[in-house]
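Computed from a predicted model, the values in this text were never measured in an experiment. We count residues from 1, following the sequence as given. Note that these values count all heavy atoms, side chains included, but never hydrogens, waters or copies made by symmetry.
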Amino acid sequence: MIQGFTFPLDIAGLPLSSLSLPRPPRSRVKLVIPSSFSLVARCRVRKDFVRVLFGESIMEVLRPQLVRIGGRIYRKNPIQEQTYQHEEEDEDFYQGFAECAEESCDAYEVVQTQQGFRCTVKAPSLLYKHIVGKRGDTRKKLEVETKTSISIPKPGQEGEIVITGQHRSGVISARTRIDVLLLTFRRKQPFTHFLAFFLNEVEVQERFLKFQEEVLEKCSMDHGVDSTIFQNPKKLHLTIGMLVLLSEQEIQQTCEMLQQCKEDFIDDISGGKPLEVEMAGIEYMNDDPGMVDVLYAKVHMKDGSNRLQELVDRVLERFQASGLIVKEWNSVKLHATVMNTLFRKDPNAEGRYNLYTADGKYIFKERESFDGRNILKLFENFYFGTLKLNSIHISQRFTVDSFGNYASCGQIDFS
């Protein structure tokens with residue numbers, strides 16, 4: 001009996017034996033749910049019971065985190081999460097992936113030498129510390145467990161990580177584990193760049209300022225609505241995907257990947273011409289129009305076709321396959337942010353949003369939502385203008401160019 005309930009042998013139609021768990025005594029396992037409970041409530045009770053009785057570890061085993069490396073998928077074994085100081089994270093994380101697959105991987109180039117075998121890993125210097133670990137402990141464990149020697153460039157120096165060993169399997173094992181470390185800690189880094197279309201044509205900027213003026217005139221009394229949460233008109237853009245680029249080599253790799261996309265399919269979709277689009281109508285990101293954090297303008301092809309969506313989805317897919325963009329979505333949600341509470345200058349605002357420190361840690365600060373109901377009602381079909389999208393840019397966050405837009409590290413043009 002737990003909190004007034006007894007539990008059944010079969011939970012939500014799933015026999016306990018199918019979970020590979022010891023069968024509990026029948027006398028202790030009977031769940032009686034009051035008939036007044038709705039179907040939804042019954043399901044929730046059963047689901048909560050599974051969590052209480054067996055813990056979340058069941059789901060962790062059934063649905064482990066997967067890591068893709070060199071065309072292969074590895075399982076990251078679950079471990080008990082604890083809070084550590086940043087300098088100790090490498091050592092503790094290493095324990096969680098020590099049982100990665102040791103099988104041979106043809107994706108790695110391993111060279112046989114007179115002393116044994118050798119393999120190199122290219123990585124930005126910012127991530128070297130995660131391979132070294134506190135007092136060099138992570139590297140030492142890697143070397144001992146894989147019977148290899150690992151040479152890492154000094155901090156601040158670019159170069160290659162060199163793995164050497166007497167046995168090819170050991171070198172491959174060390175390489176696999178280093179790749180897992182690099183991928184995991186790369187994902188902890190704040191985004192540095194993003195792929196985007198700029199929407200800063202004069203007509204659209206003017207119409208956006210008109211939108212801002214009318215919203216403040218008619219809705220400024222609504223909770224949370226003020227001038228500080230509007231986008232800078234010079235920074236209006238459509239984001240395709242967020243990037244973590246930690247070296248000049250990675251920026252160059254991104255430029256080459258974007259150029260390859262142009263040759264492989266962008267030219268075919270665009271016909272070698274700019275895409276004519278309309279920016280019209282507004283929508284909000286969350287579920288409650290009375291508590292909005294992001295309000296955006298919708299963008300669609302002027303000819304009614306799906307070419308813009310197809311183009312950005314294929315770019316996203318290509319970059320996800322390369323590992324330059326972490327896979328989160330299967331499709332790009334086209335939107336041009338016009339209001340965002342992240343822009344609010346009030347340090348005592350309510351709510352939360354995430355900021356990153358230099359080492360990739362989160363800082364939680366307050367975020368105040370705004371009441372968007374009147375704005376959505378009055379400006380539902382607001383027309384921001386037409387544009388000709390002719391370039392995809394690799395934009396750098398927290399920087400501006402001479403025109404006040406995000407600084408571009410590279411681009412491709414359709415025409």
query = Do the non-hydrogen side-chain atoms of Asn200 and Gln205 ever get within less than 4.5 Å of each other?
reply = yes

query = Heavy-atom distance under 4.5 Å between the side chains of Leu376 and Leu295, does that happen here?
reply = yes

message = Treating Asp313 as the side-chain partner and Val332 as the backbone partner, does any N or O pair qualify as donor plus acceptor under 3.5 Å?
response = yes

Ring centres under 6.0 angstrom apart (Phe398, Tyr406) = no

query = Quick one: are Leu389 and Phe198 in side-chain contact, heavy atoms under 4.5 Å?
reply = no

request  = Determine, using ring centers only, whether His223 and Phe370 are less than 6.0 Å apart.
outcome  = no

ask   = Below 4.5 Å, heavy atoms only, C-beta onward: do Val277 and Phe197 meet side chain to side chain?
value = no

request  = Taking atom types as modelled, find out whether Asn390 and Asp413 have a side-chain donor-acceptor pair closer than 3.5 angstrom.
outcome  = no

query = Below 4.0 angstrom, N of the basic side chain to O of the carboxylate: do Arg175 and Asp179 qualify?
reply = yes

ask   = Are Glu158 and Ser125 close enough that a side-chain donor and a side-chain acceptor fall under 3.5 Å?
value = yes

task = Please determine, by modelled atom types, if Gln396 and Thr192 share a side-chain donor-acceptor pair under 3.5 angstrom.
result = no

task = Look at the rings of Phe211 and Phe379 and say which category their plane angle falls in: under 30° parallel, 30 to 60° tilted, over 60° perpendicular.
result = perpendicular

task = Would you please indicate yes or no on a ring centroid separation below 6.0 angstrom for His237 and Phe194?
result = yes

